[in-house]
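Whatever order the structure lists ligands and atoms in, that order sets their numbers, starting from 1.
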Amino acid sequence: MMIPCLTEAETAALLTELPGWTLREDGKAILRTFKFGDFNAAFGFMTRVALYADKHDHHPEWFNVYNRVEMTLTTHDADGLSARDAAMARTIEGYL
Ligand code: H2B
C-alpha cells in the first residue's frame, strides 16, 4: 500500500526542526551519523531504535562500527520520505 510523501515544505520544516539530520541527494531519505562513548552505548541506542522499529513496522537502514551509527530513514511504501520517517526521527532524538 502506497502512502503519501512529505511535501517539499514539510520536508524543509522537518529539517529545520531536526538540525542533526540531512536530506539525501535524491531527496528520498534523511540521514544522520551518531557518535557514542563506546560500543555499549551505541548498541544500547540501536536496541531502543530496533524496538521502536519493530513496534511500528518501520525499519532504519543503518551501519555501525564500534561507537558510530550511520542511519538512513526512508519509506519504501512511499518511495520517499513520509510522516513515518518524521515520527521516527523525532522519537530517536528523544533517545539521545
Ligand atoms: N520500513 C521502512 N523503512 N519503510 C517501509 O515502507 C516499511 C518498513 N514497510 N518496514 C514495512 C516494513 C512493510 O514492508 C511491511 C510489509 O509491513
**Q** In the protein, which heavy atom is nearest to atom 15 (C) of ligand 1, and how far is it?
**A** D57 OD2, 3.3 Å
**Q** Rounded to the nearest 0.5 Å, how far does CH2 of W21 lie from CD1 of I92?
**A** 4.5 Å
**Q** Any protein heavy atom under 4.0 Å from atom 4 (N) of ligand 1?
**A** yes
**Q** When you measure from atom 2 (C) of ligand 1 to every protein heavy atom, which one gives the shortest distance, and what is it?
**A** H58 ND1, 3.3 Å
**Q** Would you give the length of the straight line joining atom CD of E8 to atom CG of L81, rounded to the nearest 0.5 angstrom?
**A** 11.5 Å
**Q** Taking distance alone, with no angle check, do H59 and ligand 1 share an N/O pair under 3.5 Å?
**A** yes
**Q** Look up atom CG in L6 and atom CG in D85, then write down how far apart they are to the nearest 0.5 Å.
**A** 7.0 Å
**Q** I'd like to know if the side chain of D54 and the backbone of L51 have a donor-acceptor N/O pair within less than 3.5 Å.
**A** no
**Q** In Å, rounded to the nearest 0.5 Å, how long is the span from CE of M46 to CG of N64?
**A** 4.5 Å
**Q** Given T75, T74, D77, D54, which has its nearest heavy atom closest to atom 9 (N) of ligand 1?
**A** D77
**Q** Taking both backbone and side-chain atoms of R84, is any N or O found less than 3.5 Å from an N or O belonging to ligand 1?
**A** no
**Q** Considering only non-hydrogen protein atoms, determine which one is nearest to atom 7 (C) of ligand 1 and report residue, atom name and distance to 0.1 Å.
**A** H76 ND1, 3.6 Å
**Q** Measuring from L73:CG to E61:CD, what's the distance to the nearest 0.5 Å?
**A** 8.5 Å
